[in-house]
Amino acid sequence: MNQALLYRPRRTARSDPRLGHTGMFDAEINARLAEELPAATRHSYFNRATIPRHWLEAILENQPSYRAREKGVALDLRGLPASMVTEFAWSIERQVQLGMRIQAQYTTKLTRQVALVLAEPHSSGLISLTDLSREEWSRRIRKARTRMGEPIAANQMTAMGRVLGRTLDLLVHVYHQGPWWELNVWNPQLDTRIPLREHEPKRRNLIYFSHLTTPWLREAAKWWLSRQLERGVYTWSTAFTRQVNLSWFQRYLDAAGCDGPHLVDDQRQLGRWVQGFRQWLNQQRCTGGVNKGALLGQIQRRAAMTGLEQLYRFLFEERQEAAEALSEPRWLRLGPQHTVLFRYGDKPTGPKAPPPDAVLSDAVISRIAEHSGLLAQPKDEGGFDDEQLVRIVGLLIKTGRRISEITLLDFDPIVAIAFPDPDGHVARLRYQQTKIITDENTILIDQETLDLVREQQKYARAFMADQNRAGVAPKYLFLGERNNRIGDHSYPATTARPRLTAFAAAIDLRDDQGHLIKISKTHTFRHTKATSLLNAGVPLHVAMRYMGHKTPAMFMHYARTLSATAEREFLRYQKVTADGRTYDRDPQEMFEALALDQRTDRILPNGYCTLPPRQSCDKGNACLSCTKFVTDATFTDVLQQQRKQTAELIDQRQEAHTQRFGQSMTDDNIWLRGRSEEVAALDGVLLAIERIRHSDGTTTAVRGAGAPQRRLRHGTDDDNPEAS
C-alpha cells in the first residue's frame with residue numbers, strides 16, 4: 001500500500017457524550033429532577049448562611065486556604081429559566097453525591113454569562129443547557145461579552161468551560177432515554193446503567209467511540225461490547241482495550257475502503273482483502289507512548305486482529321438480532337467465513353516469556369528501598385511529594401502483587417490468623433482479584449508489611465479529615481487525591497508509573513551492566529517475587545497459590561528467569577578437575593553442555609561429568625581418576641564426606657586383611673592403590689577449592705593446564721608453600 005495512505009492521527013471530541021444527539025431536553029424528566037432535589041436546594045440564590053451543609057462541605061472555596069483569602073461561596077442562579085435553574089441545582093447535587101468538588105466562583109460566573117446570552121433576542125427560545133453544545137455556548141458567551149465591550153479573558157472562559165462540560169455530561173446521561181450503549185461516550189462514573197464489577201481498576205477510564213467514523217462499525221462495536229459487558233463475558237478493562245484495538249481497523253477502512261459490514265460483495269475476495277489489512281498493519285507505527293514512531297509490535301498487531309475477529313464472530317452468531325437492533329440489514333450477509341478472518345499463523349505470537357531484565361537483583365531492590373524516601377519529600381526539596389507511593393512500592397516489593405491489587409486494597413485489608421506462625425507471619429492480607437479469579441484472595445504477611453498497611457491507614461484517615469469527613473472510613477486504602485471527597489476512588493496507577501520513571505532516573509537506578517532500569521513496569525516486582533520463591537525451593541503448588549495463578553503452566557511463565565538465575569549461580573564458582581587443576585574450558589560452554597536436553601545423567605553426586613553427550617562411560621564409579629570429572633565449591637561438604645568414608649573404608653579393609661592373612665595390605669595392592677588414589681584426588685580437589693576461596697575474598701593461583709599431570713599428596717612439597 002502506498003506509504004502516503006498511512007494513518008495520521010486526528011483530534012476527536014472528548015467531552016460531550018451526545019456527539020450528534022440533539023433535542024435531548026425532556027420536560028417530564030426535568031420536572032422529576034426538580035421533585036427529587038432536597039428542599040434546601042430548591043432556590044435560585046445561596047450564600048454561606050443559606051447554602052445546604054452538604055453542598056458547603058463540597059465547595060472548593062470553603063476549604064481553609066480559600067477561606068483565609070476570604071473567597072466567597074455564593075451560588076447565583078437568578079435570571080435563568082426555571083428548567084435551567086433545576087438543571088444547575090441538580091448537577092451540583094449530583095456532583096456532591098459523586099464526591100466531586102464544586103467551584104462556586106466559576107459556577108456563578110457561568111450562570112451569569114448564560115443569563116447574558118439568554119437576554120439576546122436570537123437566544124430567547126433556549127430553555128435547557130442541552131439545547132446547545134459546549135462549543136456553541138462558549139461562542140455565544142464570547143460574542144455577547146464582545147458586544148458589551150467587555151471581552152472575556154481566555155483563562156476565564158477555559159475555567160467556565162470545564163464547569164459547563166461537566167454539567168452537560170451529567171445532563172446528557174439523565175435526559176437520555178434509549179439504551180445506555182447508544183451514547184458515543186461511555187462514562188461509568190456518570191452513568192450508573194453501565195455494568196461494572198465492584199472493584200474495577202479502570203473505572204475512571206472513559207470509552208470513546210468518536211474515532212470509529214464509519215457508522216456501521218461504530219454502532220456494531222457499541223452493541224457488541226455492551227452485550228458482552230451485560231453478560232459478564234467482558235470486564236470494563238477488556239471493553240476499553242477492544243475499542244482501542246478497533247481503531248486500527250477504522251484507519252484501514254479510511255485508507256482502503258470496503259463494501260459494507262460484509263466487507264466485500266464478492267466473498268471470494270474476502271481472504272485477499274483481510275490479508276491486505278494484515279500487511280497494512282505491518283507498516284503502521286505507534287502514535288503515542290514511549291515507542292512513538294516505531295513500527296507496531298507483535299502484541300499490538302495481534303490485538304488489532306483479535307479484536308476485529310471477535311467482533312465479527314459475535315455478529316455472525318447473532319446476525320439476526322444485530323440487523324434489527326442496529327437497523328442495518330447488511331449484517332445478514334455475514335457467513336461462516338467471517339468467523340475466522342485470519343488463517344492459522346497469520347497472527348503474531350508475541351513474546352512467550354518475560355525478558356531477561358524482568359527480575360530485579362537484590363542490589364537494585366536495596367537501592368530502591370534505600371532511596372524511596374525521595375518519593376515523599378516535598379517538591380521544593382527535589383522530591384515527588386507522594387507519601388502514598390512510598391508504601392505502594394514497599395508493598396510491591398514485599399508481596400509481589402499486581403499494582404492494581406495494591407491500589408485497590410480495602411481500607412482495612414488485614415485478616416487475623418488464629419495461631420502463631422513459625423515462619424514469622426503475623427496476619428493475612430486480603431487483596432482484590434482484578435485479573436484472575438481464584439478461590440483464595442489472601443496471602444500471609446510479616447510484621448514489616450503489616451506496619452506499611454497501618455501507616456497508610458493513618459494517612460487515609462488524615463486525608464478524610466481534610467475533606468471535612470473526619471471519622472469516616474474511605475472505601476480504599478490508597479486514595480486518589482483529586483475529586484475524591486468521599487474516598488471511593490483508589491490511587492490511579494497512571495499516576496504511579498510516570499513518577500516511578502522519574503524516580504528511577506533521579507537515583508540513577510542501573511543494573512550490573514550499567515543499563516537504566518524502568519521500574520515503571522511494575523510487573524518486574526512480581527517477576528522478582530515469583531523468581532525468589534522458586535529459588536528458595538518453595539513447592540510449586542504453594543508458590544502458585546501465593547501468586548494467584550490457577551495452573552502450573554501459567555506460573556511457569558517465570559521459569560525462564562529461574563533458569564537464568566541457575567546459570568548465574570553455576571558460573572559463579574571456579575571449576576577444578578580431579579587432579580586439583582583449574583578447569584581450562586569455558587564454564588559457559590560447560591553449562592550449555594550440561595543443560596542440553598536437561599542431561600541430568602551428567603550431574604554427579606560430587607560434581608559434573610564433561611563427557612560429550614554422545615559418548616558412553618566405561619569407568620564405572622572411578623570418577624575421581626577420570627579426566628572428564630569436574631567439581632566446584634558447592635560440592636565441598638559432599639567431597640569431605642566422601643573422603644572421610646573412603647578413609648574409614650581403607651581402615652576397615654586393612655583390619656580385615658590383617659586378621660585373615662596376618663599382615664596388612666602393601667602399597668602395591670590393586671584395591672588399596674585405587675582407594676589411595678581416590679583419597680589423594682579428594683585431597684587435591686579440596687585443597688584447590690580452599691586455595692580459590694578465602695574468607696577475606698582473595699584467591700590463590702592453582703596449577704594451570706600446562707602443569708605436570710600428578711596428584712597432590714599430603715606430606716609433599718606441594719602442601720608446604722615455604723618449602724620452595
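- A salt bridge links Glu321 with Arg227: at least one charged nitrogen is closer than 4.0 Å to a carboxylate oxygen.
- Partners of Leu516 according to the side chain to side chain contact (heavy atoms under 4.5 Å, CB included) rule, which considers only residues two or more places apart in sequence or in another chain, are Asp508, Arg510.
- For the pair Gln250 (side chain) and Thr213 (backbone), a donor-acceptor distance under 3.5 Å is present.
- Under 3.5 Å, the side chains of Asn483 and Gln95 contain no donor-acceptor pair of N or O atoms.
- Not a single donor-acceptor pair under 3.5 Å links the side chain of Asp191 to the backbone N or O of Asn187.
- Formation of a donor-acceptor pair under 3.5 Å by the His338 side chain with backbone atoms of Gly335 is found in this model.
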Problem set entry | Verdict with reasoning, Arg139 to Glu135, per salt bridge (Lys or Arg N to Asp or Glu O under 4.0 Å) | CA-CA 6 Å; Arg139 188 178 66 82; Glu135 291 73 19; over 6 Å; no
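- Relative to the six-membered ring of Phe316, Arg313 misses at least one condition, a distance below 6.0 Å or an angle of at most 45° to the axis.
- Taken from CD in Gln279 to CG in Asp346, the straight-line distance is 9.5 Å, to the nearest 0.5 Å.
- Side chain of Gln284 to backbone of Trp280: a donor-acceptor contact under 3.5 angstrom is found.
- The line from CD of Gln388 to OG of Ser490 is 10.0 Å long, rounded to the nearest 0.5 Å.
- Gln310 places no side-chain N or O within 3.5 Å of a backbone atom of Gly307 that could act as its donor or acceptor partner.
- Distance check: Ile403 CD1 to Arg526 CZ gives 13.0 Å after rounding to the nearest 0.5 Å.
- Residue Ser237 forms a side chain to side chain donor-acceptor pair (under 3.5 Å) with just one option from Glu200, Arg242, Lys202, and that option is Glu200.
- Under a 3.5 Å cut-off, the side chain of Thr501 and the backbone N or O of Arg497 do form a donor-acceptor pair.
- Closest heavy-atom contact between Leu396 and Phe525: O-CB, 3.8 Å.
- Taking all atoms of both residues into account, the shortest heavy-atom contact from Ile207 to Ala239 is CD1-C, 3.9 Å.
- Figure legend: cation-pi geometry between Arg251 and Trp248, with NZ or CZ positioned under 6.0 Å from the six-membered ring centre and within 45° of its axis.
- For Glu440 and Arg545, the salt-bridge test passes: some basic side-chain N is under 4.0 Å from an acidic carboxylate O.
- Put simply, CD1 on Ile406 and CG on Leu477 are 9.5 Å apart, with the number rounded to the nearest 0.5 Å.
- If you check the side chains of Arg203 and Gln189, you find no donor sitting under 3.5 Å from an acceptor.
- In terms of modelled atom types and a separation under 3.5 Å, the side chain of Arg302 and the main chain of Pro348 share a donor-acceptor contact.
- With values rounded to the nearest 0.5 angstrom, Ser404 atom OG is found 12.0 Å from His199 atom NE2.
- Under the 4.5 Å side-chain criterion, counting only non-hydrogen atoms from C-beta, Asn245 is not in contact with Leu308.
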For this session: Could you give me the CA-CA distance, side-chain angles and deciding distance for Arg218 and Glu182, then say whether salt bridge (Lys or Arg N to Asp or Glu O under 4.0 Å) is met?
Result: CA-CA 10 Å; Arg218 181 177 63 247; Glu182 287 185 346; over 6 Å; no
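- Side chains of Thr238 and Thr235: a donor-acceptor N/O pair is present below 3.5 angstrom, by distance only.
- The closest donor-acceptor contact from the side chain of Lys529 to the backbone of Lys398 lies under 3.5 Å.
- Ring planes of Phe342 and Phe277: tilted class, angle from 30 to 60°.
- Side-chain contact annotation: Asn441 with Glu405, donor-acceptor N/O pair under 3.5 Å absent.
- Contact check for Ile392 versus Leu389: side-chain heavy atoms found under the 4.5 Å cut-off.
- Between Phe249 and Tyr312, the two ring planes are perpendicular [angle over 60°; tilted spans 30° to 60°].
- Taking the six-membered ring where the residue is Trp, the centroids of Tyr476 and Tyr491 are separated by 6.0 Å or more.
- For the pair Gln243 and His211, the minimum side-chain heavy-atom distance is below 4.5 Å.
- At most 12 heavy atoms of other shown residues, nucleotides or ligands fall within 6.0 angstrom of atom NZ in Lys521.
- How far CZ of Arg268 is from CD of Gln337: 12.5 Å, rounded to the nearest 0.5 Å.
- Pairing each heavy atom of Ala220 with each of Leu315, the nearest pair is CB-CD1, 3.9 Å.
- Checking side-chain atoms of Asp131 against main-chain N and O of Ser128 turns up a donor-acceptor pair under 3.5 Å.
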Exercise. How far apart are the C-alpha atoms of Trp186 and Trp180, what are their side-chain angles, what is the distance that settles it, and do they pass the ring-ring contact (aromatic ring centres under 6.0 Å, His included) test?
Worked result: CA-CA 8 Å; Trp186 293 356; Trp180 63 268; 4.8 Å; yes
For this session: Just do the ring-ring contact (aromatic ring centres under 6.0 Å, His included) check on Trp181 and Phe209 with the steps written out, would you?
Result: CA-CA 11 Å; Trp181 59 266; Phe209 291 94; 9.7 Å; no
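- When side chains are defined from C-beta on, Val359 does not count as touching Thr524, because their heavy atoms never get closer than 4.5 Å.
- A donor-acceptor pair shorter than 3.5 Å cannot be found between the side chains of Gln275 and Arg272.
- Side-chain atoms of Glu328 and Pro261, non-hydrogen and from C-beta on, do get closer than 4.5 Å to each other.
- Between Arg330 and Asp259 there is no salt bridge, since none of the side-chain N atoms of the basic residue sits less than 4.0 Å from a carboxylate O of the acidic one.
- Counted within 6.0 Å of CD on Glu136, heavy atoms from surrounding residues, nucleotides or ligands total more than 12; the atom is thus considered enclosed.
- Heavy-atom minimum distance, Leu395 versus Leu409: CD1-CD1, 4.1 Å.
- More than 12 heavy atoms of other residues, nucleotides or ligands lie within 6.0 Å of CZ in Arg193, so this atom counts as buried by the packing criterion.
- One N or O on the side chain of Ser361 and one on the backbone of Val364 form a donor-acceptor pair closer than 3.5 Å.
- Counting heavy atoms from C-beta on, the side chains of Asn184 and Lys222 come closer than 4.5 Å.
- Looking at Leu500 and Val393, their side chains come closer than 4.5 Å, going by heavy atoms from C-beta outward.
- Trp224 has its side chain out of reach of Leu326: every pair of non-hydrogen atoms, C-beta onward, lies at least 4.5 Å apart.
- Taking a 6.0 Å sphere around NZ of Lys347, one finds it holds more than 12 heavy atoms contributed by other residues, nucleotides or ligands.
- Cation-pi contact between Arg401 and Tyr431: present, with separation from the ring centre below 6.0 Å and deviation from the ring axis of at most 45°.
- Arg301 and Gln298 are not linked by any side-chain donor-acceptor pair at a separation below 3.5 angstrom, with hydrogens and angles left out of the test.
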